[in-house]
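Each remark here refers to the structure printed beneath this line.
Here is the naming used below: chain letters follow the sequence lines, and residue numbers restart at 1 for every chain. Please read all numbers here as calculations on a predicted model, not as lab measurements.
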Amino acid sequence: MTSSSNPRAIIALDLDYFYAQCEEVRNPAIRDKPVVICVYSGRSEISGAVSTSNYPARRLGVRSGMSIAFAKKILKDNASAVFLSIDLEYYQSVSDRIMDILRSRSEKFEQASIDEAFVEVSSQYDSGYLNAIKVAKAIKEDILSSEKLTSSVGIGSSKLLAKMAADSKKPDGFAVILPGEERSFLGPLPVGKLFGVGPKTSEKLKSINVSTIGELALVNEEKLSDLFGRKLGPSLKDWANGRDESPVVEKPIEQMSRIVTLKSDATIFEFQDVLQPISEDLARKLHSSGLLCKSIGIIGITDALKVKSRSKSLPVPTESGKIIFETASELFSNFFEEEKESRLRRIGIKISDLQGMHSKIGSLEDYF
DNA sequence: AATACCGGCGAGT
DNA sequence: TCATACTCGCCGGTATT
């Protein structure tokens with residue numbers, strides 16, 4: 001018995017410069033001006049980082065992740081530039097409305113982030129993706145009419161291809177990679193454009209003379225495994241060849257975290273006031289999702305910006321803010337005992353091993 | 001020998 | 001220039017069973 005099936009038809013949707021565009025919709029007067037969305041850390045008047053910006057700001061050199069100070073410097077002669085503090089709740093409410101509509105209308109849907117989603121329309125497959133194109137255009141127009149937001153969409157035979165298609169034409173873009181065109185689309189692109197390949201991986205690939213995705217596609221698999229590990233190595237080769245079987249499926253929440261920047265770096269455990277509210281926050285979020293956590297961790301970012309972490313799995317899953325707080329406190333005390341010289345700039349709590357409230361896991365010994 | 005746990009790293013939005 | 005707040009996946013090492 002042989003079986004064959006059509007390629008999948010997947011639409012990737014990406015809301016353009018999402019946070020900044022939400023602000024443009026809320027206040028149309030700032031449209032066409034450089035708009036910078038800032039995460040102020042509270043250490044000084046302007047300390048903090050740029051979350052994102054609109055295209056006028058980007059054209060002048062503003063980038064995600066740069067310091068607010070640097071963005072202000074770049075825009076210092078631009079009287080019209082607008083710096084706004086991030087308002088995540090507002091963007092989340094806009095996102096929720098859009099995602100709920102898409103989810104309710106799709107047979108297969110996956111929200112990938114606050115501003116990205118996949119819709120699969122394989123069931124009405126045609127070789128020119130005419131149906132997928134029609135659906136994608138309808139989605140774009142829906143979002144434009146209901147929320148006044150532009151978006152970029154890509155269509156391809158996998159999530160990877162659809163996503164990279166969407167990325168290739170931004171903003172307000174529309175790109176289709178037909179089945180069979182995968183390699184010719186990917187081949188000429190620099191490896192850094194491949195989803196999952198960031199600066200570190202690019203650097204390593206450069207060291208073995210691989211600079212394009214087409215070159216990566218030809219590298220010996222064992223060599224990639226040696227360099228990048230048994231999972232990532234083979235995946236890189238697959239992706240570079242346009243192979244990606246990952247399904248369009250909504251993923252359950254796996255972890256939640258909260259982290260804050262301290263007013264000044266700390267060398268001892270003295271953060272009850274900081275940990276208390278974020279513990280309660282996490283407990284509330286857990287409870288509202290109907291989940292329990294089985295492991296609790298702390299995150300610290302040192303003055304040298306190195307990430308430190310400690311974690312502990314619990315004997316019994318919890319949703320208690322008190323237990324989250326007490327466990328995190330204990331982990332921080334232990335951490336500073338082990339690393340007396342550490343100065344922490346940012347601290348946070350991560351809860352993971354999330355499970356449904358009524359999942360029956362474990363044996364009798366867990367209860368007695 | 002398999003599985004679980006732990007801390008670190010990399011990547012993405 | 002001076003560096004946020006999240007999420008996810010994977011790695012190697014070690015402990016547990």
Side-chain angles (χ1 to χ4, degrees), chain A residues 14-20 36-44 46-52 61-76 85-88 91-92 95 111-117 160 163-164 166-167 192-204 225 227-236 239 246 251-262 278 281-282 285 294-314 331 334-335 338-339 345-354 361-363 365:
Chain A
D14 193 322
L15 300 166
D16 296 326
Y17 61 104
F18 182 52
Y19 299 170
V36 184
I37 306 299
C38 303
V39 184
Y40 291 101
S41 68
R43 296 202 139 197
S44 76
I46 59 155
S47 64
V50 170
S51 177
T52 190
V62 176
R63 293 288 175 270
S64 297
M66 71 173 34
S67 66
I68 296 167
F70 193 39
K72 295 226 168 195
K73 192 167 166 183
I74 291 173
L75 297 174
K76 67 177 186 304
S85 187
I86 189 168
D87 183 357
L88 212 65
Y91 315 141
Q92 189 68 60
S95 169
Q111 182 172 351
S113 75
I114 193 169
D115 65 350
E116 288 182 332
L160 178 86
K163 161 86 177 129
M164 290 184 64
D167 286 347
K193 294 272 182 189
L194 186 63
F195 190 78
V197 176
K200 302 287 180 174
T201 309
S202 290
E203 233 358 84
K204 272 198 195 177
S225 291
L227 264 173
F228 300 104
R230 61 193 134 80
K231 187 102 182 176
L232 185 59
S235 291
L236 282 176
W239 296 338
S246 61
K251 300 194 176 43
I253 304 166
E254 301 279 1
Q255 58 173 248
M256 300 174 181
S257 63
R258 289 290 319 267
I259 186 163
V260 295
T261 302
L262 301 169
I278 70 180
D281 239 45
L282 286 169
K285 207 175 157 193
K294 183 87 166 45
S295 97
I296 296 175
I298 57 162
I299 313 151
I301 284 89
T302 67
D303 51 355
L305 302 179
K306 275 198 78 69
V307 181
K308 298 284 183 177
S309 68
R310 292 291 185 276
S311 67
K312 187 183 166 173
S313 46
L314 305 172
L331 288 166
N334 296 344
F335 171 78
E338 288 169 35
E339 305 205 14
R345 171 190 179 94
R346 303 165 59 203
I347 62 163
I349 303 177
K350 176 181 96 170
I351 56 182
S352 52
D353 261 299
L354 305 186
I361 293 199
S363 57
E365 288 94 306

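Residues satisfying the side-chain contact (heavy atoms from CB on, under 4.5 Å) test with A:R346, not counting sequence neighbours, are A:I259, A:T261, A:I301. Residues passing the side chain to side chain donor-acceptor pair (under 3.5 Å) test with A:D281 are A:R258, A:R284, sequence neighbours excluded. Partners of A:R43 according to the salt bridge (charged side-chain N to carboxylate O under 4.0 Å, His left out) rule, which considers only residues two or more places apart in sequence or in another chain, are A:D265. For A:D353, there are no salt bridge (charged side-chain N to carboxylate O under 4.0 Å, His left out) partners two or more places apart in sequence or in a different chain. Listed by chain and number, the residues in a side-chain contact (heavy atoms from CB on, under 4.5 Å) with A:D167 are A:D14, A:K163, A:K170 (sequence neighbours excluded). A search for salt bridge (charged side-chain N to carboxylate O under 4.0 Å, His left out) contacts involving A:D16 returns nothing, not counting sequence neighbours.
Straight-line distance from the CD atom of A:Q111 to the P atom of C:dC8: 12 Å, rounded to whole Å. One can place CG of A:D167 at 10 Å from P of B:dG12, the figure rounded to the nearest angstrom. Distance A:L354 CG to C:dG9 P: 12 Å, rounded to the nearest Å. Going from atom CZ of A:F228 over to atom C1' of C:dG9 covers 16 Å, rounded to whole Å. Between A:F18 atom CZ and B:dG12 atom C1' there is a gap of 16 Å when expressed in whole angstrom units. Separating the CD1 atom of A:I298 from the C1' atom of B:dC6 is a distance of 13 Å, rounded to the nearest angstrom. Taking atom CD1 of A:I74 as the reference point, atom P of C:dT1 lies 11 Å away to the nearest angstrom. Following rounding to the nearest Å, A:K204 (NZ) and B:dG10 (P) show an atom-to-atom distance of 8 Å.
At the phosphate of C:dC11, OP1 or OP2 sits under 4.0 Å from a side-chain N or O atom of A:R230.
Fit an axis to the five pairs at each end of the helix from B:dA1-C:dT17 to B:dT13-C:dA5 and the two axes sit 10° apart, to the nearest 10 degrees.
At a cut-off of 3.5 Å, with distance as the only test, a side-chain donor of A:S352 or A:S295 sits close to an acceptor on the other residue.
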Enumerate the protein-to-nucleotides 15-17 of chain C contacts in which both atoms are nitrogen or oxygen and the separation is below 3.5 Å.
none

Got a list of protein N/O to nucleotides 3-6 of chain C N/O distances below 3.5 Å?
| unit_1 | atom_1 | unit_2 | atom_2 | d |
| --- | --- | --- | --- | --- |
| C:dA3 | OP2 | A:R345 | NH2 | 2.7 |
| C:dT4 | OP1 | A:R345 | NH2 | 3.3 |
| C:dT4 | OP2 | A:R346 | NH1 | 3.2 |
| C:dA5 | OP2 | A:T261 | OG1 | 3.0 |
| C:dA5 | OP2 | A:R346 | NE | 3.2 |
| C:dA5 | OP2 | A:R346 | NH2 | 3.4 |
| C:dC6 | OP1 | A:R258 | NE | 3.3 |
| C:dC6 | OP2 | A:R258 | NE | 3.0 |
| C:dC6 | OP2 | A:I259 | N | 2.9 |
| C:dC6 | OP2 | A:I259 | O | 3.1 |
| C:dC6 | O5' | A:S257 | O | 3.4 |

Can you give me the N/O atom pairs linking the protein to nucleotides 7-9 of chain B at distances under 3.5 Å, or say none if there are none?
| unit_1 | atom_1 | unit_2 | atom_2 | d |
| --- | --- | --- | --- | --- |
| B:dG7 | OP2 | A:S311 | N | 2.5 |
| B:dG7 | OP2 | A:S311 | O | 3.3 |
| B:dG7 | OP2 | A:S311 | OG | 3.4 |
| B:dG8 | OP2 | A:S309 | N | 2.8 |
| B:dG8 | OP2 | A:S309 | O | 3.2 |

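Here the side chains of A:T302 and A:K308 are in contact, with some heavy-atom distance below 4.5 Å. The closest side-chain heavy-atom distance from A:R345 to A:K306 is not below 4.5 Å. Side-chain atoms of A:I347 and A:I298, non-hydrogen and from C-beta on, never get closer than 4.5 Å to each other. Annotation: side chain of A:V307 is in contact with side chain of A:I299 (closest heavy-atom distance under 4.5 Å).
Using a 4.0 Å heavy-atom cutoff across all strands shown, A:L194 reaches sugar-phosphate atoms only and no base atom.
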When the side chains of residues 62-69 of chain A are checked against the rest of the protein, which donor-acceptor pairs come out under 3.5 Å, sequence neighbours left out?
| unit_1 | atom_1 | unit_2 | atom_2 | d |
| --- | --- | --- | --- | --- |
| A:R63 | NH1 | A:R58 | O | 3.1 |
| A:S64 | OG | A:S51 | O | 3.0 |
| A:S67 | OG | A:F70 | N | 3.1 |

Which donor-acceptor pairs under 3.5 Å do side chains of residues 194-204 of chain A form with protein atoms, sequence neighbours excluded?
| unit_1 | atom_1 | unit_2 | atom_2 | d |
| --- | --- | --- | --- | --- |
| A:S202 | OG | A:G198 | O | 2.9 |
| A:K204 | NZ | A:L227 | O | 2.9 |

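Taking all atoms of both residues into account, the shortest heavy-atom contact from A:F228 to A:L236 is CD1-CD1, 3.6 Å.
Between B:dC6, C:dG9, B:dT13, one nucleotide has an atom nearer to the side chain of A:S313 than all others, and that is B:dC6.
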